Amino acid sequence: MKPVIGITSTLARLNAYSEGVYVHQDYHIAVEAAGGLPIVLPLASIETVKQLIELCDGLIFTGGEDIDPSRYGEETLPELGQTLAIRDVIELEAIRYVLAADKPLLAICRGVQVLNVALGGTLYQDLPSQYEGALEHVQRGVPRSSDTHDIVVAPDSRLANIFGSTQVRVNSLHHQALRELGEGLQVTATSPDGVIEGVEHTGRTFTIGVQWHPENMAAVNEPQMTKLFAAFVEQGRT
């Protein structure tokens with residue numbers, strides 16, 4: 001049996017007559033290529049989401065909207081992007097549920113921010129206005145799958161073991177980032193400007209959060225990112 005991998009979704013409104021669940025196709029492409037059985041988790045009630053989590057062998061918390069700063073005790077800055085209150089409420093409780101069950105977790109972009117906030121951490125609401133010397137972390141004019149900068153990976157980390165390297169090229173599609181770390185998390189990757197790009201939970205079997213979008217790179221068979229999804233899906237078999 002293939003490991004069942006739950007993938008969180010957001011809400012989308014295509015036009016006046018079409019609205020519903022949305023998640024980028026590269027998530028399920030990457031999971032399926034790694035040998036997993038992808039299922040999309042709707043923004044249903046938290047009780048329903050918890051029951052769906054119980055059916056899964058591993059969870060991916062995906063990218064998307066900014067997190068409302070009130071969730072980590074801050075006032076909103078003018079540079080904050082779009083937020084979605086229902087997604088914040090459901091995902092913060094859902095990710096704590098996943099952690100308590102110690103299910104394999106891969107938290108991507110917004111997902112790693114949800115992980116951090118759920119554990120008591122804070123965020124930079126907007127890197128360009130809050131982080132002096134920040135790189136351009138929102139790549140423009142190139143495909144989502146294209147790498148745009150290096151990251152340095154901690155040599156004793158699970159990420160380094162998966163990649164087989166302490167220097168990796170990644171894409172970059174975010175204007176927010178982790179600031180103060182949540183309880184139990186340790187930094188395992190940074191970009192050249194010092195922005196946190198990867199974290200792992202020291203007290204969980206497999207909890208990895210990354211700030212870039214490995215699913216876009218894995219979907220075009222980038223070797224390092226296919227290794228990440230392979231390791232994650234394999235963990236779901238145990």
Side-chain angles (χ1 to χ4, degrees), residues 3-12 21-31 34 36-46 48-68 71-72 81-121 123 158-159 173-174 176-178 181-185 188-189 196-201 204-216 218 225 228-229 231-233 235-236:
V4 177
I5 305 299
I7 304 169
T8 63
S9 66
T10 187
L11 301 177
V21 172
Y22 173 78
V23 65
H24 198 287
Q25 65 178 359
D26 285 354
Y27 290 102
H28 65 75
I29 290 172
V31 167
L37 183 67
I39 63 170
V40 176
L41 307 182
L43 280 177
S45 68
I46 187 59
T48 294
V49 171
K50 286 178 178 179
Q51 288 186 54
L52 289 170
I53 288 170
E54 289 295 333
L55 301 176
C56 297
D57 301 304
L59 283 301
I60 295 176
F61 278 65
T62 61
E65 299 85 3
D66 287 356
I67 298 173
D68 190 318
R71 304 293 174 186
Y72 48 94
Q82 180 183 6
T83 62
L84 185 59
I86 186 174
R87 191 175 184 192
D88 288 350
V89 170
I90 291 172
E91 288 193 346
L92 285 167
E93 186 166 350
I95 208 164
R96 294 186 186 109
Y97 190 77
V98 172
L99 290 168
D102 198 19
K103 287 180 176 283
L105 170 64
L106 180 57
I108 294 174
C109 200
R110 170 191 160 91
V112 71
Q113 297 166 11
V114 172
L115 173 64
N116 194 51
V117 172
L119 293 171
L123 306 176
R158 184 184 285 269
L159 277 176
L173 295 152
H174 63 102
Q176 296 197 307
L178 276 57
L181 277 187
E183 185 178 357
L185 296 180
T188 54
I196 296 171
E197 292 279 350
V199 296
E200 298 172 22
H201 197 297
R204 295 295 181 271
T205 303
F206 189 108
T207 294
I208 292 178
V210 298
Q211 189 58 76
W212 70 94
H213 278 269
E215 78 284 358
N216 300 136
M225 300 310 142
L228 176 58
F229 278 91
F232 168 63
V233 171
Q235 189 67 42

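It should be emphasised that the depicted structure is a prediction, and the values quoted were computed from it without experimental measurement.
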Distance-only donor-acceptor check, side chains Asp68 and Thr83, under 3.5 Å: no
4.5 Å side-chain heavy-atom contact, Thr10 and His24: no
Sub-4.5 Å side-chain heavy-atom contact between Leu159 and Leu228: yes
Between CD on residue Gln51 and CD1 on residue Ile46, distance to nearest 0.5 Å: 11.0 Å
Side chain to side chain contact (heavy atoms under 4.5 Å, CB included) assessment of Arg110 paired with Thr62: CA-CA 6 Å; Arg110 170 191 160 91; Thr62 61; over 6 Å; no
Contact summary for Trp212 and Glu197, nearest pair of heavy atoms: CZ3-O, 3.3 Å
Exam field: side chain Glu200 to backbone Arg158, donor-acceptor pair closer than 3.5 Å: yes
Shortest non-hydrogen separation from Glu91 to Ser9 and the atoms involved: OE2-O, 4.1 Å
Non-hydrogen side-chain atoms of Gln113 and Leu178 separated by less than 4.5 Å: yes
Nearest-0.5 Å distance that lies between atom OG1 in Thr207 and atom CG in Leu185: 8.5 Å
Verdict with reasoning, Arg204 to Leu105, per side chain to side chain contact (heavy atoms under 4.5 Å, CB included): CA-CA 9 Å; Arg204 295 295 181 271; Leu105 170 64; over 6 Å; no
Over all atoms of both residues, closest heavy-atom pair of Gln235 and Phe206: CG-CB, 3.6 Å
Check: His174/Gln176 side-chain N/O donor and acceptor closer than 3.5 Å: no
Side-chain heavy-atom pair Leu11, Ile86 within 4.5 angstrom cut-off: yes
Pairwise side-chain contact, Tyr27 with Ile5, heavy-atom cut-off 4.5 Å (strictly under): no
Pair Leu173-Cys109, side chain to side chain contact (heavy atoms under 4.5 Å, CB included): steps then yes or no: CA-CA 8 Å; Leu173 295 152; Cys109 200; 5.6 Å; no
pair Asn116-Val199: side-chain heavy atoms closer than 4.5 Å: no
Contacts of type side chain to side chain contact (heavy atoms under 4.5 Å, CB included), residue Leu52, not counting sequence neighbours: Leu41, Pro42, Thr48, Leu55
Separation of Phe229 CZ from Ile29 CD1 (nearest 0.5 Å): 11.0 Å
NZ on Lys103 to CD1 on Ile53, rounded to 0.5 Å: 8.5 Å
Non-hydrogen atoms of Gly58 and Phe232 that approach each other most closely: C-CZ, 4.0 Å
Flag side-chain contact, heavy atom, 4.5 Å: Thr8 against Val114: no
Verdict with supporting geometry, Val89 and Arg71, side chain to side chain contact (heavy atoms under 4.5 Å, CB included): CA-CA 9 Å; Val89 170; Arg71 304 293 174 186; 3.4 Å; yes
For His201, all residues meeting side-chain hydrogen bond (donor to acceptor under 3.5 Å, both in side chains), sequence neighbours excluded: none
Shortest non-hydrogen separation from Asp57 to Gly236 and the atoms involved: CB-O, 3.3 Å
Shortest non-hydrogen contact between Pro38 and Ile7, atoms and distance: CB-CD1, 3.8 Å
Set of salt bridge (Lys or Arg N to Asp or Glu O under 4.0 Å) partners for Glu65, sequence neighbours left out: Arg87
Within 6.0 Å of CD in Glu54, more than 12 heavy atoms from elsewhere: yes
From CG (Leu92) to CD1 (Ile67), nearest 0.5 Å: 6.0 Å
Heavy-atom side-chain proximity of Phe61 to Leu115 below 4.5 angstrom: no
